[in-house]
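Read through the structure below, which is laid out as structure tokens, and then see the notes.
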Protein chains: 2
Amino acid sequence: MLWGYEMDSRHMRHFVALAETLHFGRAAARMNMSQPPFSRQIAGIENELGVKLVERNSRNVSLTPAGKRFLEDSRGVLAQFDAACRDAQLVASGMKGELRLGFTMHAAHGTVPKLVRRYSEARPDVRLILEETIPTAIDEMLVDGKLDAAVTFAPHGVQLNSVSLARDRLSLIVPAGHPLAARKIVGAADLAGHSLIAAPATVAPTLRNAISDYHLAAGVVPSFIYEPRLQHTIVQLVAEGLGIALVPETVCSTLAEGVVAVSLRDPPAFDIVLVTPAVSSNPAVAPLVEVARRLRRG
Amino acid sequence: MLWGYEMDSRHMRHFVALAETLHFGRAAARMNMSQPPFSRQIAGIENELGVKLVERNSRNVSLTPAGKRFLEDSRGVLAQFDAACRDAQLVASGMKGELRLGFTMHAAHGTVPKLVRRYSEARPDVRLILEETIPTAIDEMLVDGKLDAAVTFAPHGVQLNSVSLARDRLSLIVPAGHPLAARKIVGAADLAGHSLIAAPATVAPTLRNAISDYHLAAGVVPSFIYEPRLQHTIVQLVAEGLGIALVPETVCSTLAEGVVAVSLRDPPAFDIVLVTPAVSSNPAVAPLVEVARRLRRG
DNA sequence: CCATCTCATACCCCCAAAGCATCAATCAGG
DNA sequence: CCTGATTGATGCTTTGGGGGTATGAGATGG
């Protein structure tokens, strides 16, 4: 059976008004129209459905069983209809919706949870979708719209805006029992001859370059032995005694068993930022940036 | 915010078509209209909601986050809308809905469960609402529309139709150990001097009159000692030795402990019928009558 | 039997919405 | 860089659906 694309939700509202008043004249008035066209509307609905919805004998109006059912269903449809309109506005205003937040464990330790918590308090109806990604993929995903925002290292291209979330610096981690583990502080020269574990430049260039530069500035040529892609793996390999690593200091706050953190003399520092597309179609992003700004201050 | 009683489900259909094709021309064609008015429709929706739903740059069409949300919501609304129309037709055709079936335990023993089972197999989407009621209330409830059908004793007024379901007859029940309990069969004369338990004439006149007439035809004046309203109570009082009773034979198929059934000589018989209003607004009633007719035959 | 109330019908009218023609922007290909 | 094709937006014209007024018809109560 091919439906009634003639009938629409306005007709439904008319019917609901009639069903609630059981009076054509008053129902018509409620719909801001006169009674005759209103009667035609109802007749039109019944005609199109091929179903009698109201029993009327010019003195009493009552609902047929089909009419009772249609009333209940119509109320649901209209409520959902209005909710759809309201939701569209809420999403457009950034009060509701989804926000895909990318982050990289290389940078996100500590900052992402705090950011997420604050944001969720401010916008409880925005569902945050967290996606861990490698740093070099983040820019492209932001430009392509696969991410709405991301927490990663500065700096970034002109198509992207960034807000500083925190300033982090490199720290040394070594296996427990390692010759350097007992030191309070070490310099670049002390690192000569030790095997390094670090993400490759194709994954985390900011970190990788900082590590290399730190060595080279002291005339030490760094020797990388393993190059895993994930921050977690780096710490794990260190824990297993396979080498040492220079990692963001925030990572050291939750170290695995068997790994010791040692401060670096004159450590390289870098910004951890919230990056967003210069023009974002998602209205939920702006308040996230605002939260990030406040986070930096307080 | 005062809504958009301008916008209706037809506009929603247009938007969904656009969101699915991402092409104004083709979406318009799907809606059987030309492109210019279609574009105006979409613009109208956005204007009324105050929300941009699609991003268009004269070469590409894409959904905004609000548009994506509105698409999902709209699909739900339209599906529910169509379901409401379909349900109205199903209810009107008697394939779906509710049917309030009244019955009285005085008459319903055995017949109602069978009737209900057969009907539910034929019309699984009709919800049967069973209501036990006293016999004298049934006629009025049927005429008032509080019941769609009822199982009770014949006969009935002209406003009601009835279909015979079964023929039942009176049987004697006495407490175990009662002088009459040992008899195979008893006549009206044997009942003289025994205290009777029966529902009052204001509750079940058919039964009550049959009982009185049975006694009086043999010159015995019945003496009623208790007059409970419910069939269940009658049996219980007999079980407790407070008297004897004449009850429909079908009741005897599931007697409580301590109650013995004894056949009557020339027992009064009466019809148990399915009663329906002569004109019923509920289309689910007709198939019930049909089931009742078949039940009588098979 | 009349007055009244209420829903249906008849008729008219108008503007919202559809169509047509056209413009503007974008892109592909030579 | 130019041209043609594609596609969405805009202006103008037309028409039919939908609304209004007047009136009819059936029911009810005094």
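By convention in this document, chain letters (A, B, ...) are assigned in the order of the sequence lines, proteins followed by strands, and residues within each chain are numbered from 1. Just so it is clear, the structure is predicted and the values come from calculations on it, not from any experiment.
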Stepwise side chain to side chain donor-acceptor pair (under 3.5 Å) test for Gln89(A) and Ser93(A): CA-CA 6 Å; Gln89(A) 296 181 331; Ser93(A) 72; over 6 Å; no
Would you mind classifying the nucleic acid contact of Asn60(A) as base, sugar-phosphate or nothing, using non-hydrogen atoms under 4.0 angstrom? nothing
Rounded to whole angstrom units, what separation is found between the CE atom of Met7(A) and the P atom of dG17(D)? 18 Å
Could you check whether atom CD of Gln159(A) has more than 12 heavy atoms from other residues, nucleotides or ligands sitting under 6.0 Å from it? no
First and last nt of DNA chain C near chain B, cut-off under 4.0 Å to heavy atoms, 5' to 3', are dA18(C) to dC27(C)
Indicate the ring-plane relationship of Phe153(B) and Phe270(B), choosing parallel, tilted or perpendicular according to the 30° and 60° boundaries. perpendicular
Given side-chain contact (heavy atoms from CB on, under 4.5 Å), test Val116(A) with Leu130(A) step by step and report yes or no. CA-CA 9 Å; Val116(A) 165; Leu130(A) 298 178; 4.0 Å; yes
Check whether any side-chain N or O of Arg56(B) sits under 4.0 Å from OP1 or OP2 of dA9(D), and answer yes or no. yes
Could you check whether the rings of Phe24(B) and Phe38(B) sit parallel, tilted or perpendicular, using 30° and 60° as the cut-offs? perpendicular
State, yes or no, whether a side-chain contact exists between Val163(A) and Leu165(A) at a heavy-atom distance under 4.5 Å. no
Measure the distance from CG on Leu18(B) to P on dA9(D) and round it to the nearest whole Å. 9 Å
Let me spell it out: for each of His23(B) and His11(A), pick the nucleotide of DNA chain D with the closest heavy atom. Which residue's pick is nearer the 5' end? His23(B)
Where do Gly94(B) and Arg123(B) come nearest, in terms of heavy atoms and distance? O-NH1, 3.0 Å
Separation of Ile42(B) atom CD1 from dT10(D) atom P, in whole Å? 14 Å
Can you tell me if Glu20(B) has over 12 outside heavy atoms packed within less than 6.0 Å of its CD? yes
What integer distance in Å separates Phe24(A):CZ from dG20(D):P? 16 Å
Output the residues of residues 33-41 of chain A in contact with DNA chain C, where contact means a heavy atom of the residue under 4.0 Å from an atom of the strand; sort by number or write none. Gln35(A), Pro36(A), Ser39(A), Arg40(A)
